[in-house]
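All of these numbers come straight from a predicted model, not from anything done at the bench. Heavy atoms only: backbone and side chains are in, while hydrogens, waters and symmetry mates are out.
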There are 2 protein chains.
Amino acid sequence: MTRNTQQKEAIRTAFEQANRPLSPDEVLTLASKKVKQLSIATVYRNISTLVEDAFLLTVDVPGEASRYEIAGKEHHHHFQCDECGKIFELEGCLVKDRPRLPRGFRSTRHEVFVYGHCASCA
Amino acid sequence: MTRNTQQKEAIRTAFEQANRPLSPDEVLTLASKKVKQLSIATVYRNISTLVEDAFLLTVDVPGEASRYEIAGKEHHHHFQCDECGKIFELEGCLVKDRPRLPRGFRSTRHEVFVYGHCASCA
DNA sequence: ATCGTTGCAAACTCTTTGCAGGATT
DNA sequence: AATCCTGCAAAGAGTTTGCAACGAT
């Protein structure tokens, strides 16, 4: 039986209000405003639970800590700001229809990361 | 003054023969065949040097250890096999001409990762 | 012989886990 | 009251660094 703790509530709210993929560290910072003694271990544990519950989805990022975003969205890709490091969701798919692969290779999915400057860091 | 040690030679050769991006761990395995007491610390140190020397380029991979590939190639993307985890280089660019970004965002570059099965694991 | 490089082990960082106390139902 | 969850601290995994010995020049 899963319980509704202040910590879990604060973590879920952080994702709903941020509207972008968050790292565990970002979650700690944001959710600590509501539950000030929140520990990083609790953040990790709750993120795992929320992924299992399919409330969150893992976003693996090149060379960085994984981010997590609210699940259920359409196929999309991500943008990382070179300045602030924040990750944002992009709408739509950026890949050409038919990726050319070496013979014998079969593709099942793809990920695209766009880098540059976000609106706040422009 | 940089010296030509057996270790560095074995590491450089590993990249030349592998013909795909390698992780430090893969480098250790491959280069150990020639210099059997090779240590992982030496692999990391030599990779850093080779990146500084612009012989290697870092390939940041989503959710995995960075790989390194021989520098100087044309713009391309990467493929990771879901079975064996190896990373391969793909030719050409897979992204549509004009990525649609939120207002105020400016993009400078992109990375694409294709996943599936390689020829050996098909 | 000099001094850059190596291997080992310790240090770090990020993430996970054990445990006893605390909070939710 | 029962037991799930939390905070703390220790344990892991991957990468980096200090240091004395080694080896390329």
Which residues pass the side-chain contact (heavy atoms from CB on, under 4.5 Å) test with B/Glu89, sequence neighbours left out?
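Applying side-chain contact (heavy atoms from CB on, under 4.5 Å) to B/Glu89 gives B/Pro21, B/Glu69, B/Lys73, B/His76, B/His78.
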For B/Arg20, what residues pass the side-chain contact (heavy atoms from CB on, under 4.5 Å) criterion, not counting sequence neighbours?
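Expected list: B/Ala18, B/Leu22, B/Glu26, B/Lys86, B/Phe88.
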Nearest nucleotide by nearest heavy atom, which residue falls closer to the 5' end of DNA chain D, B/Ile40 or A/Val35?
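Nearer the 5' end of the strand: A/Val35.
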Just by distance, no angles: are the side chains of B/Thr2 and B/Lys8 close enough, under 3.5 Å, to form a donor-acceptor pair?
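Judged by distance alone, the side chains do pair up.
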What are the two closest non-hydrogen atoms of A/Pro24 and A/Ser66, and how far apart are they?
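Nearest heavy atoms, A/Pro24 then A/Ser66: CD-O, 3.5 Å.
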Nearest whole Å is fine: how far is [N] [atom2] from [X] [atom1]?
X	N	atom1	atom2	answer
A/Ile47	C/dT16	CD1	P	9 Å
A/Arg12	D/dC5	CZ	P	12 Å
B/Lys36	C/dG7	NZ	P	11 Å
A/Lys34	D/dT6	NZ	P	16 Å
A/Gln37	C/dG21	CD	P	18 Å
B/Tyr68	D/dG14	OH	C1'	11 Å
A/Lys8	C/dT25	NZ	P	10 Å
B/Tyr44	D/dA13	OH	P	14 Å

At 4.0 Å (heavy atoms only), tell me whether A/Thr2 reaches a base, stays on the sugar-phosphate, or touches nothing.
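Here A/Thr2 touches the backbone only, sparing every base.
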With sugar-phosphate meaning primed atoms plus P, OP1 and OP2, does B/Leu38 contact a base, only sugar-phosphate, or nothing at under 4.0 Å between heavy atoms?
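Contact class for B/Leu38: sugar-phosphate only.
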What residues form a side chain to side chain donor-acceptor pair (under 3.5 Å) with A/Gln7, not counting sequence neighbours?
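By the side chain to side chain donor-acceptor pair (under 3.5 Å) rule, A/Gln7 matches no residue at all.
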As an exercise, state the distance from CZ of B/Arg12 to CG of B/Asn4, rounded to the nearest 0.5 Å.
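One gets 5.5 Å once the value is rounded to the nearest 0.5 Å.
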Look up atom CG in A/Asp25 and atom CD1 in A/Ile40, then write down how far apart they are to the nearest 0.5 Å.
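Rounded to the nearest 0.5 Å, the CG-CD1 separation comes out at 5.5 Å.
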A side-chain contact here means heavy atoms from C-beta on lying under 4.5 Å apart; do A/Pro99 and B/Phe79 qualify?
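Not in contact.
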Among residues 24-33 of chain A, which ones have heavy-atom contacts with DNA chain C below 4.0 Å?
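Nucleic-acid contacts, sorted: none.
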Readout for nucleotides 18-24 of chain D: B = base within 4.0 Å of protein heavy atom, S = sugar-phosphate only, - = neither; 5' to 3' it is B----BB
Reckon B/Thr42 has a side-chain N or O less than 4.0 Å from the OP1 or OP2 of C/dG7?
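True: B/Thr42 side-chain N/O within range (under 4.0 Å) of C/dG7 OP1/OP2.
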Tell me, which pairs form a side chain to side chain donor-acceptor pair (under 3.5 Å) where one or both residues lie in residues 112-122 of chain B, sequence neighbours left out?
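Listed by first then second residue: nothing to list.
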